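Within every chain, numbering begins at 1; the chains are lettered A, B, ... in the order of the sequence lines, protein sequences first and strands thereafter. Remember, it's a predicted structure, so these values are computed and weren't measured experimentally. Heavy-atom basis, side chains included; hydrogens, waters and symmetry copies ignored.
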Amino acid sequence: MDWMQLQRLAAEEAAHGPRAGPRAGSEAGPASGAGDPAALLEGLNPEQRAAATHPGGALLILAGPGSGKTRVITRRIAWLVATGRAQAWEIAAITFTNKAAREMRERVEQLLPARGAWISTFHAFCARLLRREIELLGTHTRDFTIYDTSEKNQLIKNLVKELGYDATRFRPALLGGWISARKNRGREAFEAAAEAQAEEQGIEAEVLQQVERRYAAALARNNALDFDDLLLQVLALFERQPGVRDAYARRFRHVLVDEYQDTNRVQYEIARHLASHHHNLAVCGDPDQSIYSWRGADIRNILEFGRDNPAARTVRLEQNYRSTGNILRAAEALIRNNAGRQDKRIWSDKPAGEPILVCECADEEDEAREVALQVRALQARGQRLDGIAVFYRVNFMQRALESALRLARVPYQIVGGLEFYDRREIRDLIAYLKLIVNRRDDLAFRRVVNVPTRGIGEKSLEQFSAWAAARGLPLSEALLHDEALAAIKGRARGGLQAFRELLVRLEPAQGVDAAVALDLVLGEIGVERWLGEMDDESGVDREANIEELRAHAAAWDRMSSELARALAEVETAGTTASATDGAPDADRPPTGLRGYLQEIALVNDTDALDAGSGKVTLMTLHSAKGLEFPVVFLCGVEEELLPHARALQENTSADPEAGVEEERRLFYVGITRAEERLFLTHCQQRLHFGQTSFCSPSRFLDELPKEVLAGGASDGAGDQDDGGALGVYEPKTPDATFTEGERVEHDHFGRGTIVRLQGSGINARATVRFPAHGEKILLLQYAKLRRVAKG
DNA sequence: AAATCCGCGTTTTTT
DNA sequence: ACGCGGATTT
């Protein structure tokens, strides 16, 4: 989200080289001894060391939460290079999120002078590979566009309409989901299931198939790939072109895959192909943290790794260096309720620490206020805000938390939750950029052909696109034919002509830096008029957004060219191996406009959260995986939310617990992010779709041992004064000062009657009906209410 | 072709 | 409650 931050980062990077990672402290050890193998192993326990120094062959690292997994992988990479077992560029390390990739890259760079290892997500890895090789498949050029989910839905919607179906009944997002599901899991295996499910929703299998076929064709026509295709096309390439497969398999002497429990079938196969020559495949993961089955992740990949690779060495990292005893105990007690897991110990020699606090709140506003107040209290006791995280199950919960934090003047940053790219002006500009790079992108064409308005309406556009379709031409190419325009009448023809000339003028932008291309577009389209015609009474500052985009693009240009320079040095200094040996010829991440587009397609801007930001971090539980914070708040620990109602539906008859168990793992992931303090909150009621619905505490709360909870049994120590903890929490005593129905007086509103009392302690509130002002909800802590005599 | 109005789905989770 | 898309106006 914070674009200025990225810009600053870029500046720093240019000035001082890579900055310290979020957990810089943990890598203090061998920084000085970079390249010295012995120094690289400093501070590792025997298991960690065994994993880091496994010489080759298959390696399975079963890593409990907080067991130093990232540390082991980064040290391993450095160790492989330092001991001459691999060149940096012969290593592929694959992560699941961009955050993880970024962190790993930074930490490896601290240990290792040489850059050049491919450290990225599966998707980024595949995109990079396809930029070089996709033309071998014959369907796309290397300038292919990557469609994100909303672009994909838009395309599907167009197709549904073209087929003459009603897009409200056949909802594009649903269709897209099924198409994606089919691509990701074994295609045949899932086919029947998806169709059955579709039928249930009143969508005929035939429609699904039709749309699916058209969608695949449209992607090819537009020279575009969706997220799933990035993976699938790599697999197709490897399968159809064994030579290419072998070249990469030879080149990547060592392949490492993190979060292996979350790989899907396609990713599994890609990893196997990559390791098919040297067989040095190291995977790392924790079956108890598998939380992506909805995305096709197959937990069997990790459970059966040993079966796939009989010679595999298994290393278990069980010592937890992160959390206090209480937190760890809670996590362990919880996860034990999952059936059929390998019994894995996690242990720590840390003291029990503070108890876990469970807080019942009246509603989501109350909950958010509670979090804000606790944050302030912690801050007053010297807790840094960037050591605090707030997690929630679903994105919509973000709102209440945000507004409470804003009200309490607590600075915060949000991870995930798209926002920025959803803004119209940003999407328009990006569509222009995409169209410049990939002239076949009809989706982008349609988006911007009338932006700013050129008098081109739906009717004339359909007429025009019919002409193009009849000849199998992309829209931007059809535009060059006078014959196509001749058929269009009125104002629209002039508009199309103007657009044609515009595209011609934008042509030179193809090879330039992103910021330069953006400026060219902005200069050509006439920002004034464009902004003028977008309704601005909503108060959104579109000009500022555009400015942010420019700053972001400029920052990216600087960073990528810097990186390219560094890599060029590696190349000239390093080996002269030929291309057939998989040497890093032309092996640089894309730069310029093309690179920028790839970047923003794959990297959510909010991935770059800043550890030194001085801000509280908000994110979903899914985003939280792999991170750690001294203080964690976990909100909405309620039935229907955690476990989520939808997950409960997915308890199939075959596996009646599957849905709940994944939700339990999600909770487990959340708990184990906390180092010192953990707060769990749940509400009595919550606003859902504008309606209040009642909530009961999550079943998972009952699975936590009472002894680790504040106010829990035994422990002897005074839970009651609660001061044993940070002294933060107010005891939950009912506020006896007022009773419902009582007459009270308020400084501002005058006299009224208490309708309702809610909450307690610092959250005690009264709903008071004032004759002159209606009903008001007052925080008793602040509102000075006086009891008045009746009559 | 743009402006306004109405009804419906939204809220799992991410690349 | 809200925003989007479709349908209806002007």
What nucleotide among [options] has an atom nearest to a side-chain atom of [X]?
| X | options | value |
| --- | --- | --- |
| A:Arg295 | B:dT15, B:dA1, B:dT11 | B:dT15 |
| A:Phe689 | B:dT13, C:dA1, B:dT15 | C:dA1 |
| A:His688 | B:dT11, B:dA2, B:dT15 | B:dT11 |
| A:His622 | C:dG5, B:dA2, B:dT13 | B:dT13 |
| A:Arg646 | B:dT14, B:dT11, C:dG6 | B:dT11 |
| A:Lys161 | B:dT14, C:dG6, B:dT15 | C:dG6 |
| A:Val394 | B:dT15, B:dA2, B:dT13 | B:dT13 |
| A:Arg399 | C:dG5, B:dT15, C:dC2 | C:dC2 |

Nearest-angstrom distance from the residue atom [atom1] of [X] to [atom2] of [N]:
| X | N | atom1 | atom2 | result |
| --- | --- | --- | --- | --- |
| A:Leu231 | B:dT14 | CG | P | 17 Å |
| A:Leu602 | B:dT14 | CG | C1' | 12 Å |
| A:Gln691 | B:dG9 | CD | P | 14 Å |
| A:Ile94 | B:dT15 | CD1 | C1' | 14 Å |
| A:Tyr165 | C:dG5 | OH | C1' | 21 Å |
| A:Leu621 | B:dT11 | CG | C1' | 15 Å |
| A:Asn264 | B:dT14 | CG | C1' | 12 Å |
| A:Arg447 | C:dG5 | CZ | C1' | 14 Å |

Inset, instruction - Report which part of the nucleic acid A:Ile456 touches: base, sugar-phosphate, or nothing (heavy-atom distance under 4.0 Å, all strands). - result: sugar-phosphate
Legend entry - Sugar-phosphate only, base, or nothing, as touched by A:Phe96 at under 4.0 Å among non-hydrogen atoms: sugar-phosphate
Legend entry - For A:Ile134, the option from A:Leu225, A:Leu129, A:Leu237, A:Asp143 that meets side chain to side chain contact (heavy atoms under 4.5 Å, CB included): A:Leu225
If we count only N and O atoms by modelled type, under 3.5 Å, do the side chains of [X] and [Y] hold a donor and an acceptor together?
| X | Y | value |
| --- | --- | --- |
| A:Glu269 | A:Gln267 | no |
| A:Arg131 | A:Gln598 | yes |
| A:Asn338 | A:Tyr668 | no |
| A:His622 | A:Tyr292 | no |

Inset, instruction - Answer with yes or no whether A:Thr149 presents, from its side chain, a donor or acceptor under 3.5 Å of a partner atom in the base of B:dT15. - result: yes
Any side-chain N or O of [X] under 4.0 Å from OP1/OP2 of [N]?
| X | N | answer |
| --- | --- | --- |
| A:Lys157 | C:dC4 | no |
| A:Thr620 | B:dT14 | yes |
| A:Asn184 | B:dT15 | no |

Inset, instruction - Compare the aromatic ring of A:Trp294 with the six-membered base ring of B:dT13 and state whether they stack according to the 5.5 Å and 30° rule. - result: yes
Inset, instruction - Select from A:Phe396 and A:Gly455 the residue whose nearest nucleotide in DNA chain B is closer to the 5' end of that strand. - result: A:Gly455
Inset, instruction - Take A:Ser623 and A:Ala492, find for each the nucleotide of DNA chain B with the closest heavy atom, and name the residue whose nucleotide sits nearer the 5' end. - result: A:Ala492
Legend entry - Gap between atom OH of A:Tyr215 and atom CG of A:Leu159 - 0.5 Å precision: 9.0 Å
